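Remember, it's 1-based here, ligands and their atoms both numbered in the order they're listed. Since the model is a prediction, treat every value here as computed from it, not as a measurement. For this chain, numbers begin at 1 and follow the sequence in order. Values below: all heavy atoms of this structure, side chains included; hydrogens, waters and symmetry mates excluded.
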Amino acid sequence: MSGFSVLQRPQILSRLKSQSYDLLVIGGGITGAGIALDAASRGLRTALVEANDFAFGTSSRSTKLIHGGLRYLKQLEFGLVKEVGSERAVVHKLAPHLVIPEKMLLPLSEKKGLGYWLTSIGLKVYDWLAGVRPEDQRRMLTRSQTLKYEPLLRKDDVKGGAIYAEYRTDDARLTIEILKAAVDFKADVINYVRATEFVYSGDRIAGMLAYDEVGGYEFGITATVVVNATGPWVDELREVNRSLQGKRLHLTKGVHVVVSYQKLPVKQAVYFDVDDGRMIFAIPRGRTTYIGTTDTNYVGDKGSVFTTREDVKYLLHAVNAAFPLVNLQLSDIESSWAGLRPLIHEEGKSASALSRKDEIFESTSGLISIAGGKLTGYRKMAERVVNLVIRKYFSDIELKACHTDSIKLSGALNSVQEVRHYARTLQQHGLDDLTVRHLVENFGTQADDIINLRDNDPDTAWALLKAELLFCIRYESVVTLQDFLVRRTGLVYFNIAKAKRYIEPLAKVMKEVLDWDDKRHAHEVTAVIQLITNLSTFK
Ligand code: FAD
């Protein structure tokens, strides 16, 4: 049985209560996951607790790109662009099925954005900073070439364009796979355990009190060092530690909406200018296209962030202005997600002008907090944190150097060619193209394990979905039905009709396998229905 399974929860809890750890990470988003993997793979005894599901916060609500952040070049953040730009190829190598090369089209407008030459030089610098291979470097396009790439663009406004290289991913799945790898290096990793209070020995932190949200009780975890990687919640734990001084977080909300691919059939991802000087993406994904993002200041409940009618109006206006033939309406939006950027506050700067750089804060009692940063830069952020932890607390013991650039994630093959070949072999199982893509891009070669779990149900779509659920219960710590539908499969975003259709049968399987009583079963069904309403209706 996998050590990353809800079925192993009692054993993981028992170890958390009885063992003493070198490092306890709080927060199971990409930042915490990266730190847990880096620390465990160097030889530190590592634990990680996540209050909700893994990737519950921003790490399931991003634009889902492993990208250099072209717009940070405009803000002259050369260091950030160089680091995250170079990381793209590294993260791709770790999981070529999950971090997939994607060419971006950047149309140039008559009235908005940078001109042809500035864009040409900017993209050249972007490629150079990130060390992009010559064959993948940017190509400038004429007006007619741009319109050939994307005939839906506004013809009277396009004056040229550029094609450049980025990568797309699934943020939540990337987080889950990194955590699985940490568990392979003997980290104890658990979701639905909330860190509530620090435990001190003298004036130094020596562990945490934690609350098991499933069992409903509190227990203690002992650790030499505690790292606060709670993204938008970082300041809450700094407050608990009475160390919230100096720099603070500034939360901004970013929204994405999803329409069916037929409604916005872009031929590739497009990154286009908006009237207000911002830029947004339209990204095709399977049977859908998603559009985002907004960037507005946010104050409110960090655990309950949803898309408003105002957000939707902004994105619809932007997309209809850039692609006049599509004329998207509110009723075309199938689903949406909204996330919070945990940025560092800078006096007088607007939401979109704030830096995306990460920062580490250390309190006098030893709490290490990390905030800011990007999904793309998770590995380097983790390396910096673990270097600091080792330098300060474990310099006298022999540990391995950081080698997360060579730890392949589960299901990974060696190249895009191998992934394509593997996808072709899956078609022999009688699966259609979109299903193969869903399986391969989310699970890599673990798709074989899922296919082997299928039964002979005449509803073959159901047989496969049920097999996915069983796989995720056994090997991916699914505790609630939402974990499966949101963060293991993305179904509520990218195939909401299918998610709705199978709520009841999925809940029934979970009831049987996890021994839920009727009350829990009813609660799970109601919670998913409520979530789907929140994702697809806009107030
Ligand atoms: P989170 O993912 O929020 O994780 C923090 C976790 O801590 C949460 O799961 C939370 O439940 C948990 N937690 C909180 N309190 C406690 C507690 N007391 N005990 C235990 N656990 C706790 N970056 C890119 O590289 N590419 C992109 O395309 C991109 N697009 C973005 C688009 C948007 C709209 C936004 C908002 C961000 C985007 N980013 C992107 C940035 C990136 O998504 C974030 O930097 C990253 O996901 C932050 O991860 P995190 O782990 O720090 O925070």
- ligand 1-proximal atoms of Glu236, by part, heavy-atom distance under 4.0 Å: neither
- Mode of Leu340 contact toward ligand 1 - side chain, backbone, both, neither (heavy atoms, under 4.0 Å): backbone
- Classify the ring geometry between Tyr167 and His92 as parallel (under 30°), tilted (30 to 60°) or perpendicular (over 60°). tilted
- Item | Distance (rounded to the nearest 0.5 Å) between Glu310 CD and Phe538 CZ | 13.5 Å
- Identify which of Ala51, Gly254, Ala172 has a heavy atom lying nearest to atom 34 (C) of ligand 1. Gly254
- Message: Show every salt bridge (charged side-chain N to carboxylate O under 4.0 Å, His left out) that has at least one partner inside residues 22-35, sequence neighbours left out.
- Response: Asp22-Arg45
- Is it the side chain (CB and beyond), the backbone, both or neither of Ala229 that lies under 4.0 Å from ligand 1, heavy atoms counted? backbone
- Task: Under 4.0 Å, heavy atoms only, figure out whether ligand 1 is touched by the backbone of Lys253, its side chain, both or neither.
- Result: neither
- Classify the contact between Thr293 and ligand 1 as side chain, backbone, both or neither, using a heavy-atom distance cut-off of under 4.0 Å. side chain
- Note on the structure: At under 4.0 Å between heavy atoms, what of Thr58 touches ligand 1? The answer is both
- Do Asp53 and Arg488 sit within salt-bridge range, that is, some charged N less than 4.0 Å from a carboxylate O? yes
- List for me each residue that meets side-chain contact (heavy atoms from CB on, under 4.5 Å) alongside Asp136, sequence neighbours excluded, and say none if there are none. Lys103, Val132, Arg133, Ala165
- Nearest to atom 29 (C) of ligand 1 by heavy atom, Gly68, Ser62, Gly292: which? Ser62
- ring-ring contact (aromatic ring centres under 6.0 Å, His included) partner of His256, the single match among Tyr493, Phe281, Phe494, Trp337: Trp337
- Item | Polar atom proximity, Leu237 to ligand 1 (N or O, under 3.5 Å) | no
- Task: State whether the shortest distance between N or O atoms of Ile30 and N or O atoms of ligand 1 falls below 3.5 angstrom.
- Result: yes
